[in-house]
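The block underneath contains the structure these notes are about, expressed in structure tokens.
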Amino acid sequence: MYPTTLTQLARANPFSAPIFKLQQVEEPKQSSVAHGHTNRRLAAAAVEEGDSCEFGSTKYFILCGFGGILSCGTTHTAVVPLDLVKCRMQVDPSKYKTIFNGFTVTVREDGVRGLAKGWAPTFIGYSMQGLCKFGFYEVFKILYSDLLGEENTYLWRTSLYLAASASAEFFADIALAPMEACKVRIQTQPGYANTLRECAPKMYAEEGLWAFYKGVVPLWMRQIPYTMMKFACFERTVEALYKYVVPKPRGDCSKPEQLVVTFVAGYIAGVFCAIVSHPADSVVSVLNKEKGSTALQVLKRLGPKGVWKGLFARIIMIGTLTALQWFIYDSVKVYFRLPRPLPPEMPESLKKKLGLTE
């Protein structure tokens, strides 16, 4: 009965996890001593050959957070023109009918420089978000894996990704909310303010501190599903690419080859991210533009069709963003020689329970 139940659980889980906690297995003592290695654990490990720090160490988390700052801050700032047009399509669809029309109208009214409106709050806000998103994701992934144990981590690895990413994004959105509110106000209210220095004091004088955090709940609605899809789909896609597309294991691939796989998997994940989070994104854009409105009021007013305005622009933007973010994040890990464990195999103890080994 027991092996059969485990087999059903393993087969029912549609995803696989690239990381889980490896516990030390009974082996002849001379083997580990002779090679000078200890088995890597998810929570803490000896520095392995070629790594600059321990997996799960403070240095590891700090550098992961730095990678998140670079990946999110730079990429979101790079696509500010597209984000500006997307936001204007959401809040004023009668004026900004399509992507190309939106660019044309914006350049005609504000000049080419007008396409860069909101770059400062975008850079600051998404840098802070990236720090929390990627840094805390690594923290929660290790924490939850230790709580689950080796075998359950392997069987329920998708749930691990979803829980870790959702937990990380909860804190990341609190860090993002003030700058996101300023960005949307600058981009969607012509004449209100042209710079962050003008916008932030004006918003505070008019509405107080609440002006910067009234959009945090819609942000959670938008970003938590987005991030859960972003991490779970990415991890699964990477695994599938190495299993079915790449003709050799990741360990045999060069670093540039690995980064190409990272980019492709990131773009695929980004398309799905844009779709699941777009309705809430529309609500956030309108909510931060208007005074006194609530998320529910905005949602009712937009209706089923209105919440999907600007989806094509967002798919292009988020697909590219997500691919570049994963590429930059993985590049930071490669540059600083951070531990990057290979997709694991089933634990030996689980293989025995399933009757896969003698």
Side-chain angles (χ1 to χ4, degrees), residues 17-20 42-43 51-79 122-145 157-158 160-177 179-180 219-220 222-239 258-259 261-263 265-270 272-274 277 318-341:
I19 294 179
F20 62 83
L42 195 56
D51 293 343
S52 64
C53 63
E54 295 181 359
F55 185 56
S57 64
T58 301
K59 180 180 178 181
Y60 175 79
F61 292 135
I62 289 174
L63 290 176
C64 285
F66 176 69
I69 290 174
L70 287 182
S71 65
C72 291
T74 56
T75 53
H76 276 277
T77 304
V79 296
T122 297
F123 178 74
I124 296 170
Y126 282 94
S127 292
M128 296 303 297
Q129 188 212 35
L131 168 67
C132 298
K133 178 185 297 198
F134 283 93
F136 285 159
Y137 174 69
E138 299 287 350
V139 172
F140 283 116
K141 187 166 57 174
I142 290 174
L143 175 64
Y144 295 157
S145 178
R157 42 200 178 274
T158 304
L160 172 68
Y161 289 137
L162 295 173
S165 57
S167 301
E169 189 60 38
F170 177 86
F171 295 101
D173 289 342
I174 295 173
L176 169 64
M179 292 296 102
E180 178 74 1
L219 263 181
W220 283 329
R222 179 188 82 184
Q223 290 296 132
I224 290 179
Y226 163 84
T227 301
M228 292 169 74
M229 179 66 72
K230 175 179 181 175
F231 283 90
C233 186
F234 170 79
E235 302 279 20
R236 174 55 179 157
T237 304
V238 166
E239 209 171 338
Q258 293 176 18
L259 292 175
V261 173
T262 296
F263 183 86
Y267 209 102
I268 294 171
F272 290 99
C273 289
S277 61
I318 296 300
T320 306
L321 272 179
T322 307
L324 289 174
Q325 284 173 5
W326 279 114
F327 182 84
I328 293 170
Y329 182 66
D330 217 21
S331 297
V332 169
K333 283 189 168 183
V334 170
Y335 179 80
F336 287 108
R337 297 183 294 111
L338 298 184
R340 299 166 66 238

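These numbers come from the heavy atoms of this one structure, side chains and all, not from hydrogens, waters or symmetry mates.
For the pair Leu338 and Ser52, the minimum side-chain heavy-atom distance is below 4.5 Å. Counting heavy atoms from C-beta on, the side chains of Tyr226 and Ile318 come closer than 4.5 Å. Phe170 places a side-chain heavy atom less than 4.5 Å from the side chain of Trp220. Counting only heavy atoms from C-beta outward, the side chains of Phe61 and Ile142 approach each other to under 4.5 Å. At a threshold of 4.5 Å between non-hydrogen side-chain atoms, the residues Tyr329 and Cys64 count as touching. With contacts defined as side-chain heavy-atom distances shorter than 4.5 Å, the pair Phe55/Arg340 does not qualify. In this structure the side chain of Gln325 reaches within 4.5 angstrom of the side chain of His76, judged on heavy atoms.
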Practice problem: Could you check Phe66 against Phe134 for side-chain contact (heavy atoms from CB on, under 4.5 Å), going step by step and ending with a plain yes or no? | Solution: CA-CA 9 Å; Phe66 176 69; Phe134 283 93; over 6 Å; no
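Of all non-hydrogen atoms in Met179 and Gly125, the two that sit nearest each other are CB-CA, 3.5 Å. The shortest non-hydrogen separation linking Gly73 to Ser127 is CA-OG, 3.4 Å. Nearest heavy-atom pair across Cys72 and Gly130 is SG-CA, 3.6 Å.
Of the residues listed (Thr322, Leu324, Thr320), the one engaging Thr75 in a side-chain contact (heavy atoms from CB on, under 4.5 Å) is Leu324, and it is the only one. A side-chain contact (heavy atoms from CB on, under 4.5 Å) with Glu169 is found for exactly one of Gln223, Lys230, Arg222, namely Gln223. The only member of Thr74, Ile69, Thr262 that meets side-chain contact (heavy atoms from CB on, under 4.5 Å) when paired with Ile328 is Thr74.
Tyr126 and Glu180 form a side-chain donor-acceptor contact under 3.5 Å, judged by distance and modelled atom types alone. At a cut-off of 3.5 Å, with distance as the only test, a side-chain donor of Ser167 or Tyr144 sits close to an acceptor on the other residue.
Under a cut-off of 6.0 angstrom, the local environment of CZ in Phe140 is crowded, with over 12 non-hydrogen atoms contributed by other residues, nucleotides or ligands.
Between Phe171 and Phe136, the ring planes are perpendicular. Angles over 60° get that label, and only those under 30° would be called parallel.
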